Amino acid sequence: MKPIIQTIAKYLLKILYIFPVNNQKIFLRSFYDQYTTDMKALGSYIKEKYPEKVIYCGCISLNGKRAEKINFIVEKSLKGIYHLLTSKYIIFPITEPKGIPFRESQILIDTWHGNGIKASFGLSKEHFSRTNYFLSSSKQSDDLLIKGNFFFSGEILKFGVPRNDVFFNPVKSKDISRIVKEYYGVENKKIVLFAPTFRKDFKNFDYGLDGDRLLSTLKKKFGGDWVLFFRLHPSIQTSANNNSDFIINVSSYSDMQELLLASDILITDYSSSPWDFGLKNKPIFIFATDLDEYRKSDRGFLFSIDELPYPKASTNDELVDNIKTFNEKAYKENLKKYYITTGSYEKGESCEKLCKYLFER
């Protein structure tokens, strides 16, 4: 019954074809109801370089949504559907909008939100069947994720991704880092960011990190005063309070890229964030207490976790030992080799290349 209703709805929506496609209009889809990462980077660049463009951002709700020259709308509303069907460009960080009868003249672009080790569950080529272009971070992502996991057969744009351009802009990076530190009142502290991914069925999981012991170890190894930023995946809601003055829950902070810019060290498990953070050439440590279970019964991996160039631990003892024995020179050499081996496209030019490709050909 549901497919029949969806088919009827698609035909009814074609009534909106009486309104022409606006070649100057761009529709950005929010990421977990947030104007953030790729969408924010692209929106900011387009506003500056192409002021004639009109930008709409489709959200679940309008609560707290503000950005200069960005028109926020509820995507699943008549107004939202109208703008989806009359925008020349529809850009999104996960999958294309469902149930919308896009016209042939409209262009759909997927930036995808992460280049990591995780396989994507429940997704297939049907989720990208109308997508024209797929932005990619690397040759490895082309082969294993976009073509190998999503079976995407359209054109792959090898430009890197918009959210990572900022890592190649030292002035902007420094300014964003300062803003984040001021927001949390840690201006004179070093930051270790613990950002694990979600687990099966999006349930809360006991990640088992000993924060106090971690901070003590970091101070002895690297010097300075440290704070621990703890950020859950945006798909998981949490109301947890700070564990201490030096352990801060930053899960409600909408922009992961800004947290990465402010951080000195990243600790995660199977998240895609190391690919982005590694562009800073800063230390990354893997802390994964459920490796065998995750590999067998959760999402699984696109490639072996042993191929990642970061020290790996499954217990707090192993994590502490990895920090104590960390060799910065060897780590940076391995990280450089990793980006070469995977065929990285990241050069800090993604927004520029994409916009020229779309608007200036």
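Quantities reported herein were computed from a predicted structural model and do not represent experimental measurements.
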Exercise for review: Assess whether atom CD of Glu187 is packed by more than 12 heavy atoms of other residues, nucleotides or ligands within 6.0 Å.
Suggested key: yes
**Study point:** Inter-residue atom distance Ile70.CD1 - Leu28.CG, 0.5 Å rounding
**Key:** 6.5 Å
Review point. Looking only at side chains, do Asp33 and Ser61 share a donor and an acceptor under 3.5 Å apart?
Key: yes
Practice item. Heavy atoms only: give me the nearest Ser271-Thr268 pair and the separation to one decimal. Key: CB-OG1, 3.1 Å
Exercise for review: Report the relative orientation of the aromatic rings in Phe128 and Phe150; use parallel for angles under 30°, tilted for 30 to 60°, perpendicular for over 60°.
Suggested key: tilted
Check your understanding: Is Asp317 salt-bridged to Arg213, going by a charged N under 4.0 Å from an acidic O?
Key -> yes
Check your understanding: Is there a donor-acceptor contact under 3.5 Å from the side chain of Asn132 to the main chain of Leu108?
Key -> yes
**Study point:** More than 12 heavy atoms of other groups within 6.0 Å of Asn188 CG
**Key:** no
Review point. Rounded to the nearest 0.5 Å, how far does SG of Cys59 lie from CZ of Phe31?
Key: 13.5 Å
Practice item. Decide yes or no for Phe230 and Pro196: does some side-chain heavy atom of the first lie under 4.5 Å from some side-chain heavy atom of the second? Key: yes
Review point. Can you tell me how far the NZ atom of Lys280 sits from the CG atom of Leu335, to the nearest 0.5 Å?
Key: 12.5 Å
Practice item. Verify, without hydrogens or angle tests, whether Lys221 (side chain) and Phe326 (backbone) share a donor-acceptor contact under 3.5 angstrom. Key: yes
Check your understanding: Within a strict 4.5 Å, meaning less than it, do heavy atoms of the Pro274 and Leu308 side chains meet?
Key -> no
Review point. With a cut-off of under 6.0 Å to the ring centre and 45° to the axis, is Lys53 in cation-pi contact with Phe359?
Key: yes
Exercise for review: Write down the atom of Ser137, the atom of Glu346, and the distance for their closest heavy-atom approach.
Suggested key: OG-OE2, 3.3 Å
**Study point:** Which atom of Cys351 lies closest to which atom of Asp165, heavy atoms considered
**Key:** N-OD2, 2.9 Å
Practice item. Group every Ile, Leu, Val, Met, Phe, Trp and Tyr by side-chain heavy-atom contacts under 4.5 Å, then state whether Phe152 and Leu354 land in the same group. Key: no
Practice item. Return yes if a side-chain donor-acceptor contact under 3.5 Å exists between Asn249 and Ser251, otherwise no. Key: yes
Exercise for review: Could you walk me through whether Glu333 and Lys337 pass the salt bridge (charged side-chain N to carboxylate O under 4.0 Å, His left out) test, one step at a time?
Suggested key: CA-CA 6 Å; Glu333 289 175 353; Lys337 290 178 184 177; 5.6 Å; no
Check your understanding: Taking C-beta and beyond as the side chain, do Asp255 and Thr37 meet within less than 4.5 Å on heavy atoms?
Key -> yes
Exercise for review: Is it possible for you to say whether Tyr270 and Leu209 belong to one hydrophobic cluster, with membership spreading through side-chain heavy-atom contacts below 4.5 Å?
Suggested key: yes
Practice item. Consider only side-chain N and O atoms of Asp142 and Tyr345, and report whether a donor and an acceptor are under 3.5 Å apart. Key: yes
Exercise for review: Ignoring hydrogens and angles, tell me if any N or O in the side chain of Ser129 forms a donor-acceptor pair with the backbone of Glu126 under 3.5 Å.
Suggested key: yes
Point to revise | Aromatic ring proximity Tyr133/Tyr357, centre distance under 6.0 Å | key: yes
Review point. With distance as the sole test, does Arg103 use its side chain to make a donor-acceptor pair with the main-chain N or O of Leu85 at under 3.5 Å?
Key: yes
Check your understanding: Of the non-hydrogen atoms in Asn281 and Lys332, which two are nearest, and what is the gap between them?
Key -> O-CE, 3.5 Å
Review point. Would you find a donor on one side and an acceptor on the other, under 3.5 Å apart, between the side chain of Ser44 and the backbone of Lys40?
Key: yes
Review point. Would you say Asp38's side chain and Arg163's backbone share a donor-acceptor pair under 3.5 angstrom?
Key: yes
Point to revise | Main-chain N/O of Gln140 paired to Thr342 side chain as donor or acceptor, under 3.5 Å | key: no
**Study point:** Nearest-0.5 Å distance that lies between atom NZ in Lys158 and atom CG in Leu135
**Key:** 12.5 Å
Review point. Going only through I, L, V, M, F, W and Y residues with side-chain contacts under 4.5 Å, is there a path from Ile305 to Tyr331?
Key: yes
Check your understanding: Would you say Phe285 and Leu193 are hydrophobically clustered, going by side-chain heavy atoms of ILVMFWY under 4.5 Å?
Key -> yes
Check your understanding: Should Asp212 and Phe246 be marked as a side chain to side chain contact (heavy atoms under 4.5 Å, CB included) after you check the CA-CA gap, both sets of side-chain angles, and the distance that decides it?
Key -> CA-CA 8 Å; Asp212 292 326; Phe246 304 101; over 6 Å; no
Practice item. I would like to know whether Leu214 and Ile267 meet side chain to side chain contact (heavy atoms under 4.5 Å, CB included); could you show each step before the answer? Key: CA-CA 10 Å; Leu214 169 65; Ile267 297 177; 3.6 Å; yes
Review point. Can Ile265 be reached from Met256 by stepping across I, L, V, M, F, W or Y side chains whose heavy atoms are under 4.5 Å apart?
Key: yes
Check your understanding: Is there side-chain contact between His127 and Lys98, with heavy atoms separated by less than 4.5 Å?
Key -> yes
Exercise for review: Measure across Leu266 and Leu260 and return the closest heavy-atom pair with its distance rounded to 0.1 Å.
Suggested key: CD1-CD2, 4.2 Å
Review point. Is it true that a side-chain atom of Ser30 and a backbone atom of Gly58 form a donor plus acceptor pair closer than 3.5 Å?
Key: yes
Check your understanding: Rounded to the nearest 0.5 Å, how far apart are CG of Leu144 and CG of Asn149?
Key -> 9.0 Å
Review point. Hey, would you say the Phe27 and Tyr56 ring centroids sit under 6.0 Å apart?
Key: no
Practice item. For Tyr89 and Leu358, indicate whether the former's side chain and the latter's backbone hold a donor-acceptor pair under 3.5 Å. Key: yes
Review point. Can any side-chain N or O of Ser77 pair as donor or acceptor with the backbone N or O of Gly80 at less than 3.5 Å?
Key: yes
Review point. Heavy-atom distance under 4.5 Å between the side chains of Ser344 and Trp275, does that happen here?
Key: yes
Practice item. Measure the spacing between CG of Asp143 and OG of Ser138 and express it to the nearest 0.5 Å. Key: 8.5 Å
**Study point:** Beyond-backbone contact of Gln106 with Arg130, side-chain heavy atoms, under 4.5 angstrom
**Key:** yes
Check your understanding: More than 12 heavy atoms of other residues, nucleotides or ligands under 6.0 Å from CD of Glu52: is that the case?
Key -> yes
Check your understanding: Should the pair Lys172-Asp175 be classified as a salt bridge under the 4.0 Å nitrogen-to-oxygen rule?
Key -> no
Check your understanding: For the residue pair Phe72 and Tyr35, does the interplanar ring angle fall in the parallel (under 30°), tilted (30 to 60°) or perpendicular (over 60°) class?
Key -> perpendicular
Practice item. Show your reasoning for whether side chain to side chain contact (heavy atoms under 4.5 Å, CB included) applies to Lys356 and Phe159. Key: CA-CA 11 Å; Lys356 285 184 176 180; Phe159 301 158; over 6 Å; no
Check your understanding: Step by step, would you call Phe229 with Tyr184 a ring pair (Phe, Tyr, Trp, His ring centres under 6.0 Å)?
Key -> CA-CA 10 Å; Phe229 277 10; Tyr184 285 106; 5.1 Å; yes
Check your understanding: Which atom names give the shortest non-hydrogen contact between Ile191 and Ser263, and what distance separates them?
Key -> CG2-OG, 3.6 Å
Exercise for review: List the steps, then state whether side chain to side chain contact (heavy atoms under 4.5 Å, CB included) holds for Ile94 with Trp112.
Suggested key: CA-CA 5 Å; Ile94 305 186; Trp112 200 247; 3.9 Å; yes
Check your understanding: Does any non-hydrogen side-chain atom of Phe277 lie less than 4.5 Å from one of Phe167?
Key -> no
Check your understanding: Any side-chain heavy-atom pair from Gln257 and Asp276 closer than 4.5 angstrom?
Key -> yes
Point to revise | Modelled atom types, side-chain donor and acceptor of Thr86 and Lys25, under 3.5 Å | key: yes
**Study point:** Heavy atoms from other residues, nucleotides or ligands near CD of Glu328 exceed 12 (cutoff 6.0 Å)
**Key:** no
